[in-house]
Structures are given as C-alpha cells and as structure tokens.
Amino acid sequence: MIKKLAIIGVGLIGGSLALALKKAGLVEQVTGYSRSAAARDEALALGIIDNAADSLKEAVADADMVFVAVPMGAMQTVFEQMAPHLKSQAIVTDAGSAKHQVVEAARRALGDKFDRFVPGHPIAGTEKSGPSAAFAELYQQHRVVLTPVAETDKNALEQVRQMWQQAGADVFDMEVEHHDVVLAATSHLPHVLAFNLVGMLSKRDDCDEVLRYAAGGFRDFSRIASSDAVMWRDICLGNRHAILELLEQYRRGLDQIEQAIRQDDGDYLIDIFARAKRARDTRFADPSLKDNSEV
Ligand code: NAP
C-alpha cells in the first residue's frame, strides 16, 4: 500500500497509473501536479487525483512514491525543482520513453537522492493525451521495463516493481542502452515514418481526394501520427543516436527497393516482401507481442 503517491504530469500515462492503483485499492492518497491549472482541475474533476498541488514542492512534500510522467524534455527541470523537497525515503520513478537521457538528467538533478530513483518505461499507451485520455486498464497485461543502474537502491527497485505489478503490468529489467536501441526499433522509428508519411501526404493539393481512398492499412499505419508532437520531438532528440542509426539502415533498405522498382527487378521485391511476410506471420503471431506497442 502506498500512503501518498505524487503524480507529476497528470496525462495519459500518469493519470492511468493513478487510476489503476486507486481501482485496486493500493494507494491511500494521490496528489497531482501539472504545469497548467486546466490539467490539474481536469484530473481532479475526473477523480484521477485526490488533491491538486499548485507547485512541485507541494506535490512531493510527504510523498512516499513520486511518478514523473511529463514530456522527456521537461524531466530535468522537474527533477531539479523537486529534489530539495523530497523526503529522505521517497522513491522517484518515471515513464520516459528513452532512458539514457532521463537517467543522466536524474543523476545531475537528484544528487545524493539519485539512488532512490528507479528509471522505468511502461510499454503501453494510445495516441491520445491529457487527463481525459487516462484509464485504469491501460497497463493490464502490458510490459513495463525498469532500467536500474549500479547505484539504484534494491529496495526502491522492488517497490516500484510491485507498484507496476499491482497496476496489472508484467515487469522486466533491462540495461539502459539496450532499452534505447530496442525501443528505437519497435516504437521510435515507426513513429518517425508515420509522421513523415502523413506529413508528406498532407502537403499534396489533392490530399483530401487521396485520403478518401485510404484503406485499412493506411489507417493502421497512420494512427500513430496522431500522437502528441511535443512528446515525440522530445523522444527523437532524447534518443537521437539509436534513432539516427536505424534511420540510416532504413534509408539503405528503401534505396534498394527504389532501385529494384526502377530496374524492374521483381525477384528482388519478392525476396524482400516474402521475407518480411514470413517474419510478420511467424514471429509477430506470438500473442505476447500483441498490443504491447507504445501506442
Ligand atoms: P500527456 O498525456 O501529454 O501528459 C503529460 C502531462 O504532463 C500533461 O498533463 C501536461 O499537462 C504535463 N506537463 C507538461 N509539461 C510539464 C511540466 N513542465 N511540468 C509539469 N507537468 C507538465 O503525455 P503522456 O502520454 O502521459 O506521456 C508522459 C510521459 O510518458 C512522456 O515522457 C512519454 O515519453 C512517456 N510515455 C508515453 C507513452 C504514450 O504512449 N503516450 C508511453 C510510454 C511512456 P500541462 O502541460 O497541461 O500541464
């Protein structure tokens, strides 16, 4: 049972954790802080939080567990502002989608409280954002990755693990750098591709006409381009090395496909497409891979 949980950033991710723990009766009191009064009021009205704090200081005072779920670009400032006001045994954890940048920001900002920081990333989400997008079942049977570092306190790690399990998630540990490469491949690169495709089509004069004939495949693929722009800017800049490497690899593959089309090389296309289909039909048929994508 968590006595006082502070949610910093009461949007989809922060709000859903609060709702899940409340529904399970595993938290006594939830205090929420968001930059805008509108988000704080909305979270209060929706019953996501019990109290809305006017400042970070007020939000974390007396908190046993602090969950930081703001866009990654805001994390360092949030850590810096909360650090002097954390009680000594408070545990801080986060939801940032790329871990290296967040871990380094926490190391710089939290000082001697860094050992009570447990880096985390719920692999769950939707393309919606804000308090109204939050729901208690978001984490049910979804994976949460924790990326403890050498300094991470074992007891803090276990408490964060339990919190996520109680919210319905399957919890895994991973090394920071490995996490960032894996997530760049399965989530960050696909988002960049979807944003680029939808952005490209939206610039065409005949865009409305083109979209009128969009089939299910386009709808599936383009859904993630509805995701929040600020959040994805921060992820791209925060995980730049892994994303740039994958973009390079992707571009090489695209160039080869382009060349095959130009040269009327149907055998090459069959080879590439059939290999991808086999991989999709066999490896992605594993039910544990379903519905685990970030959004
Ligand atoms: P969201 O729905 O937009 O919620 C973020 C909340 O943070 C909003 O309520 C926003 O409200 C508040 N906020 C923004 N800047 C702030 C600041 N400087 N100080 C305090 N509050 C601030 O976003 P989300 O989808 O929950 O994502 C939150 C974090 O989880 C991100 O780091 C993201 O990378 C990570 N994540 C997202 C997903 C996903 O699929 N969405 C999945 C896994 C992890 P106001 O600006 O109105 O105050």
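Every number for a ligand or one of its atoms is a count from 1 in the order of the listing. In this text, all values refer to a predicted model and were calculated from it rather than measured experimentally. If you read the sequence from its start, that first residue is 1, and numbering goes on from there.
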Counting heavy atoms only, which part of [X] comes closer than 4.0 Å to ligand 1: side chain, backbone, both or neither?
| X | answer |
| --- | --- |
| A95 | both |
| A38 | neither |
| A39 | side chain |
| H121 | side chain |

Would you check whether S34 has a nitrogen or oxygen atom less than 3.5 angstrom from a nitrogen or oxygen atom of ligand 1?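 So ligand 1 has an N or O lying under 3.5 Å from an N or O of S34.
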
Quick check: A74 and ligand 1, any N/O pair under 3.5 Å apart?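 In this structure, A74 places no N or O atom under 3.5 Å from an N or O of ligand 1.
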
Using a 4.0 Å cut-off to any heavy atom of [X], which atoms of ligand 1 qualify?
| X | result |
| --- | --- |
| G130 | 1 (P), 2 (O) |
| V10 | 9 (O) |
| S129 | 1 (P), 2 (O), 3 (O) |
| A69 | 5 (C), 6 (C), 7 (O), 28 (C), 29 (C) |
| G9 | 6 (C), 7 (O), 12 (C) |
| M72 | 32 (O) |
| P122 | 42 (C), 43 (C) |
| G125 | 40 (O) |

Any heavy atom of D228 closer to ligand 1 than 4.0 angstrom?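 For ligand 1, residue contact (heavy atoms, under 4.0 Å) with D228 is absent.
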
Any atom of ligand 1 sitting under 4.0 Å from a heavy atom of A133?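 Contact check A133 vs ligand 1: negative.
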
Less than 4.0 angstrom from a charged side-chain N to a carboxylate O is my criterion; do [X] and [Y] meet it?
| X | Y | answer |
| --- | --- | --- |
| R251 | D255 | no |
| D228 | K128 | no |
| E258 | R262 | yes |
| D64 | K87 | yes |
| E151 | R107 | yes |

Could you work out, for [atom], the closest of [options] by heavy-atom distance?
| atom | options | answer |
| --- | --- | --- |
| atom 24 (P) of ligand 1 | V145, I224, I13 | I13 |
| atom 4 (O) of ligand 1 | G11, S36, S16 | G11 |
| atom 22 (C) of ligand 1 | V230, V70, D94 | V70 |
| atom 19 (N) of ligand 1 | R35, K128, M75 | R35 |

Ring centres of F172 and W164 under 6.0 Å apart?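 No, too far apart.
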
Can you check whether F218 and Y213 have ring centres sitting under 6.0 Å from each other?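 For F218 and Y213, the ring centres are not under 6.0 Å apart.
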
If you take all heavy atoms of G73 and D234, which pair is closest and at what distance?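 Closest approach of G73 to D234, heavy atoms only: N-OD2, 2.8 Å.
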
Given L157, which of T93, L146, I91 fulfils the side-chain contact (heavy atoms from CB on, under 4.5 Å) condition?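 Only match with L157 under side-chain contact (heavy atoms from CB on, under 4.5 Å): L146.
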
Give the intermediate values and the outcome of side chain to side chain donor-acceptor pair (under 3.5 Å) for residues E80 and Q76. CA-CA 6 Å; E80 280 165 2; Q76 172 145 353; 2.9 Å; yes

A quick test of your reading: do over 12 heavy atoms of other residues, nucleotides or ligands sit less than 6.0 Å from CD of E137?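 Enclosed.
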
Given Y268 and Q256, is the side chain to side chain donor-acceptor pair (under 3.5 Å) satisfied, shown in steps? CA-CA 9 Å; Y268 182 82; Q256 282 164 354; 3.0 Å; yes

